[in-house]
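Each remark here refers to the structure printed beneath this line.
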Amino acid sequence: DTAVSQTPKYLVTQMGNDKSIKCEQNLGHDTMYWYKQDSKKFLKIMFSYNNKELIINETVPNRFSPKSPDKAHLNLHINSLELGDSAVYFCASSQGAGSSYEQYFGPGTRLTVT
Amino acid sequence: GNSVTQMEGPVTLSEEAFLTINCTYTATGYPSLFWYVQYPGEGLQLLLKATKADDKGSNKGFEATYRKETTSFHLEKGSVQVSDSAVYFCALMGGKLIFGQGTELSVKP
């Protein structure tokens with residue numbers, strides 16, 4: 001009965017590799033997000049999709065490409081991984097994109113690039 | 001642009017002590033304000049929210065009041081428990097969710 005799930009939970013890979021993180025929500029929400037949490041715990045939004053359409057695209061390197069095959073899924077593909085990509089990546093979802101909607105977060109994917 | 005500033009941590013308290021974590025914001029318009037909590041090794045959970053000025057959000061003994069005149073949303077709890085040890089994030093929503101830097105709270109028995 002998990003609300004927002006992410007796979008994998010841990011990902012260790014070498015510089016230059018390409019990797020994907022998957023996110024699924026079973027809440028029936030229309031809007032999904034990717035956030036990056038750095039080593040100092042600072043959280044910043046990367047992308048947001050509403051009904052499979054990209055609505056927020058922050059200043060993120062082109063190596064990061066989100067994909068939403070349907071409203072319940074939002075995946076994050078990262079090309080040519082760099083050391084600085086090491087972080088915890090959180091997926092979240094909300095009922096809508098408006099300011100009063102609560103966002104529900106997944107457990108996070110800890111990415112370590114060596 | 002919009003921003004959130006929280007008091008720096010870590011904050012260390014004894015069980016049953018009073019907690020205040022300060023949060024101030026800068027925003028255009030009237031954003032909604034939130035407190036999220038992150039327990040070790042977990043994702044974020046919404047603790048409480050307020051959507052307009054003078055609203056008070058409350059949950060699990062925590063409360064915060066949306067103060068437009070001082071642009072603040074300070075988190076308070078009258079008596080903390082060891083299980084409250086976590087990182088607390090203040091956030092505002094105005095188009096996108098913007099977080100403060102987080103305040104780590106450690107409660108000792």
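Chain A is the first sequence line, chain B the second, and so forth, proteins listed ahead of strands; every chain is numbered from 1.
Neither the backbone nor the side chain of B/Tyr30 has a heavy atom closer than 4.5 Å to any heavy atom of chain A. Contact annotation for B/Phe99: both backbone and side-chain heavy atoms come within less than 4.5 Å of a heavy atom of chain A. If you measure heavy-atom distances from B/Gln45 to chain A, you find no contacts under 4.5 Å at all. With a threshold of 4.5 angstrom between heavy atoms, A/Tyr101 approaches chain B through N, CA, C or O but not through any side-chain atom. Using a 4.5 Å cut-off between heavy atoms, A/Ile56 contacts chain B through its side chain alone, with no backbone atom that close. Heavy atoms closer than 4.5 Å to chain B are found in the backbone of A/Ala97, but not in its side chain.
Counting heavy-atom pairs closer than 4.5 Å to chain B, the top-ranked of the candidates A/Lys44, A/Lys40, A/Glu58, A/Gln6 is A/Glu58.
The number of heavy atoms from other shown groups lying within 6.0 Å of CD (B/Glu42) is above 12. Counting non-hydrogen atoms of neighbouring residues, nucleotides and ligands closer than 6.0 angstrom, the CG atom of A/Asp70 exceeds 12 such neighbours. Heavy-atom neighbours of A/Gln95 CD from other residues, nucleotides or ligands within 6.0 Å: at or below the threshold of 12. Atom CZ of B/Phe18 sits in a crowded spot, with more than 12 heavy atoms from other residues, nucleotides or ligands closer than 6.0 Å. The local environment of NZ in B/Lys52 is sparse, with at most 12 non-hydrogen atoms from other residues, nucleotides or ligands closer than 6.0 Å. Heavy-atom contacts from other residues, nucleotides or ligands closer than 6.0 Å to CD of B/Glu69 number more than 12.
B/Gln101 and A/Phe42 make their closest contact through CA-CD1, 4.2 Å (heavy atoms, listed as atom of the first residue, atom of the second, distance). For the pair B/Phe89 and A/Gln37, the tightest heavy-atom approach, listed with the atom from each and the gap, is CZ-NE2, 3.5 Å. Taking each heavy atom of B/Leu44 and A/Phe105 in turn, the nearest pair found is O-CB, 3.4 Å.
By the criterion of side-chain heavy atoms lying less than 4.5 angstrom apart, applied directly or through intervening Ile, Leu, Val, Met, Phe, Trp or Tyr residues, A/Tyr104 is not grouped with A/Leu76; the two fall into different hydrophobic clusters. By the criterion of side-chain heavy atoms lying less than 4.5 angstrom apart, applied directly or through intervening Ile, Leu, Val, Met, Phe, Trp or Tyr residues, B/Leu75 is grouped together with B/Val11 in one hydrophobic cluster. Residues B/Val4 and A/Tyr35 are members of separate hydrophobic clusters, defined by side-chain heavy-atom contacts under 4.5 angstrom among Ile, Leu, Val, Met, Phe, Trp and Tyr.
How far OG1 of B/Thr103 is from NZ of A/Lys41: 12.5 Å, rounded to the nearest 0.5 Å. Interatomic distance, CG of B/Leu97 versus OG of A/Ser48, reported as 10.5 Å (0.5 Å rounding). Separation of atoms CZ (A/Phe47) and NZ (B/Lys96) is listed at 12.5 Å; rounding is to 0.5 Å.
Side-chain contact between B/Met93 and A/Gln103 is present, with heavy atoms from C-beta onward closer than 4.5 Å.
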